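Here is the structure we will look at.
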Amino acid sequence: MSPNQHHTVDNLSIDEQVALIQRGTSEIISDAELRRKLETAQEEKRPLRVKLGLDPTAPDIHLGIAVVLRKLRLFQDLGHEVTIIIGDFTATIGDPSGKSKTRPQLTAEEVQANAKTYQDQYCQILDPDKTRIVFNSQWLNQMNFSDVIKLSAQTTVARILERDDFANRFAANTPIGIHEILYPICQGYDSVVLKSDIEMGGTDQKFNNLMGRDLQRADGQDPQVVLLMPLLVGLDGTDKMSKSLGNYVGIYEPANEMFAKLMSIPDELMETYFELTTDVPMDEVAQLQRDLVDGSVHPKTIKQRLAREVVTIYHGETVATSAQAEFDRIHRHRQLPSEIPSVSISNEDLTDGKIWVGHLLTQAGFAKSTSEARRLVQQGGVRFDGEKVVDPATLIQLQDDLILQVGKRRFAQIKIG
RNA sequence: GGGGAGAUAGCGAAGUGGCUAAACGCAUCAGACUGUAAAUCUGACACCUCAGGUUUCGGCGGUUCGAAUCCGUCUCUCCCCA
């Protein structure tokens, strides 16, 4: 469904390439090494190996993860190769953050079943021809205890305890499992196996990525450049974007949905979103930010531009434009959406063609219980055929195609049958 | 191995015999205001055709006119010492 946007990057100088890569990054370790890698690659005419490690849980890509994936895509457009490592092995040894103890333990079958999904989802943003997806159990499962000891000997307890998560827990006398200490070592070893030139990650991955450098150095390799992207703040403006918090925009969401969600972000987030989720050139972003601050352009106009840019990436420009029109229709002009999901109401629920509003709302899925439905009516949130329903005891004369509205954004078209 | 603390609505957290469908905060939903912003304000937030009624405070059983609160038991969490 996606036009799979390309960067136009032919014949860029190293300086120009570096500038594109630097956009939005939170940290690069180090700029000098990055430049050197790029130069060497160009001279030797060989692509750099760029690595990203991901969880084996079923992917559901949202704009937050897309920040990193889009950066990978840039590397591909610059002629380099991307390897995505699915951490199926590391997932089985426990989450070192200590937070999510409930991380699901996936079976090998589930992981395999997900494999196709990874391919499909990641390639929405990445170039399939330059993307390799591998599972780290492939080499980690082969290691025997002696291999593990030798690998562990490459680093020290003091080094591991530098990680602030471990440091905090150690100071607070909370337990740190030996297996957790091994986690960064496993992840770092992935880099050794892949001989990666660059590892990408969110800022929370810094320690693990640096471990990769240490282990590569110990193995006699040129250490990978570490490129960290900030964690995108979610729609609520406070927490990082994540599916579990519900403050996300999935890249597979319908255009209208996407557009509306983006319009709901706090104004302060716009600049960051432009930088991290669109390809709008940075000098233009800076200009938009000036316009916003001095009030010369209405914030809503700027936000619509943002929403349109993002939707264009995943749905194309035509669709994005109509998403904006749709948004205006519903929210600015308070008209009905152009497409309203239909809800069928069984004839059995009708008496003389009528239905109690409480049942109608629960049947239509707008309320979990008739008590909730009753409240919605009492609060003035329910409209039927444009008319506000005021009495919770109301019996409604149903007809095909009439419109039920709950709140400002939930609509359904009634079908009797 | 020894000792201690706890389990309350989506989450966090009050409440230690009746005035408690259960304070307060967060999240959520509706309304107002707007740029569907955000912020703010108002209200709702167990279930039931609801001026009333029914069922809740980890499970089960008991004491009592009356239990989230007391007793017994089971399950599960967490902490400290070694």
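Since this is a predicted model, take the numbers as computed values, not measurements. Chain letters run A, B, ... following the sequence lines, proteins first, then strands; residues in each count from 1.
- Residues that satisfy the salt bridge (charged side-chain N to carboxylate O under 4.0 Å, His left out) test with Lys303(A), not counting sequence neighbours, are Asp267(A).
- We find that CD of Gln324(A) is positioned 16 Å from P of G35(B), with the value rounded to whole Å.
- The distance between atom CD1 of Ile265(A) and atom C1' of A39(B), rounded to the nearest whole Å, is 15 Å.
- Shown here is Lys150(A), whose NZ atom has no more than 12 heavy atoms of other residues, nucleotides or ligands within 6.0 Å.
- Judged as a side-chain hydrogen bond (donor to acceptor under 3.5 Å, both in side chains), and not counting sequence neighbours, the contacts of Ser13(A) are Glu16(A).
- For Thr370(A) and C47(B), a side-chain-to-base donor-acceptor distance below 3.5 Å is absent, hydrogens and geometry of angles not being considered.
- Proximity of Lys368(A) to the phosphate of C45(B): no side-chain N or O atom is located under 4.0 Å from OP1 or OP2.
- Going from atom CG of Asn247(A) over to atom C1' of A38(B) covers 15 Å, rounded to whole Å.
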Mind running side-chain contact (heavy atoms from CB on, under 4.5 Å) on Lys300(A) and Met263(A) for me, showing each step along the way? CA-CA 8 Å; Lys300(A) 188 191 170 196; Met263(A) 287 303 288; 3.9 Å; yes

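- Comparing G61(B) with C26(B), their P atoms sit 39 Å apart, to the nearest whole Å.
- In secondary-structure terms, RNA chain B builds stems of at least 3 consecutive Watson-Crick or G-U pairs, each pair having both distances under 3.5 Å, at B:1-7 with B:75-81, B:10-12 with B:24-26, B:28-32 with B:40-44, B:46-48 with B:52-54, B:58-62 with B:70-74.
- Pairs engaging residues 397-412 of chain A under the salt bridge (Lys or Arg N to Asp or Glu O under 4.0 Å) rule: Asp401(A)-Lys415(A) [sequence neighbours left out].
- Among residues two or more places apart in sequence or in another chain, the side-chain hydrogen bond (donor to acceptor under 3.5 Å, both in side chains) test is passed with Arg305(A) by Glu284(A), Glu309(A).
- In this structure, Trp356(A) counts as stacked on the base of U49(B) under the 5.5 Å centre distance and 30° plane angle limits.
- Remark: the separation of the C1' atoms in A23(B) and C71(B) is 28 Å, to the nearest Å.
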Only distances under 3.5 Å count here; give the side-chain donor-acceptor pairs of residues 347-368 of chain A to other protein atoms, sequence neighbours excluded, each with its distance to 0.1 Å.
unit_1, atom_1, unit_2, atom_2, d
Trp356(A), NE1, Pro392(A), O, 2.7
Thr362(A), OG1, Gly358(A), O, 3.2
Thr362(A), OG1, His359(A), O, 2.9

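- Annotation: side-chain hydrogen bond (donor to acceptor under 3.5 Å, both in side chains) contacts of Gln76(A) (sequence neighbours excluded): Thr131(A).
- Checking Ala393(A) against Ser264(A), the closest nucleotide of RNA chain B that is more toward the 5' end is the one next to Ser264(A).
- Annotation for Lys130(A): atom NZ counts as buried by contact number, over 12 foreign heavy atoms lying within 6.0 Å.
- Rounded to an integer number of Å, the gap from Leu350(A) CG to U49(B) P is 17 Å.
- Sequence neighbours left out, the pairs with a member in residues 207-218 of chain A that pass salt bridge (Lys or Arg N to Asp or Glu O under 4.0 Å) are Glu33(A)-Arg213(A), Arg159(A)-Asp214(A), Asp214(A)-Arg217(A).
- Atom name C1', nucleotides U75(B) and G25(B): the rounded distance is 30 Å, in whole Å.
- Taking the C1' atoms as reference points, C60(B) lies 40 Å from G43(B), given to the whole Å.
- Spacing between U42(B) and C47(B) at atom C1', rounded to whole Å, works out to 26 Å.
- Rounding to whole angstrom units, CG of residue Leu262(A) and C1' of G35(B) are separated by 15 Å.
- Shown here are the side chain to side chain contact (heavy atoms under 4.5 Å, CB included) partners of Val192(A), two or more places apart in sequence or in another chain: Tyr189(A), Leu215(A), Gln216(A), Asp219(A), Gln221(A).
- The gap from the P atom of U73(B) to that of C29(B) amounts to 46 Å, rounded to the nearest Å.
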Going 5' to 3' through nucleotides 24-31 of chain B, assign each nucleotide B (protein heavy atom under 4.0 Å from a base atom), S (under 4.0 Å only from sugar-phosphate atoms) or - (no protein heavy atom that close). -----SSS

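- To the nearest angstrom, C1' of A38(B) lies 12 Å from CG of Leu292(A).
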Between the protein and nucleotides 51-54 of chain B, which nitrogen or oxygen pairs come in under 3.5 angstrom?
none

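- In this structure, His298(A) atom NE2 and G35(B) atom P are separated by 6 Å, rounded to whole Å.
- Checked for salt-bridge contact, Arg73(A) and Asp77(A) meet the test: a charged N lies under 4.0 Å from a carboxylate O.
- Of the P atoms belonging to U69(B) and U16(B), the separation is 12 Å, rounded to the nearest Å.
- For Glu339(A), the side-chain hydrogen bond (donor to acceptor under 3.5 Å, both in side chains) test picks out no residue, with sequence neighbours left out.
- In this structure, CG of Asp391(A) is placed 14 Å from P of U49(B), rounded to the nearest angstrom.
- If you take atom P in C19(B) and the same atom in A67(B), they sit 11 Å apart, rounded to whole Å.
- Of the candidates A38(B), U49(B), C50(B), U49(B) carries the atom nearest the Leu395(A) side chain, counting heavy atoms from C-beta on.
- Projected onto RNA chain B by closest heavy-atom contact, Phe327(A) and Arg374(A) fall at different nucleotides, the more 5' of which corresponds to Phe327(A).
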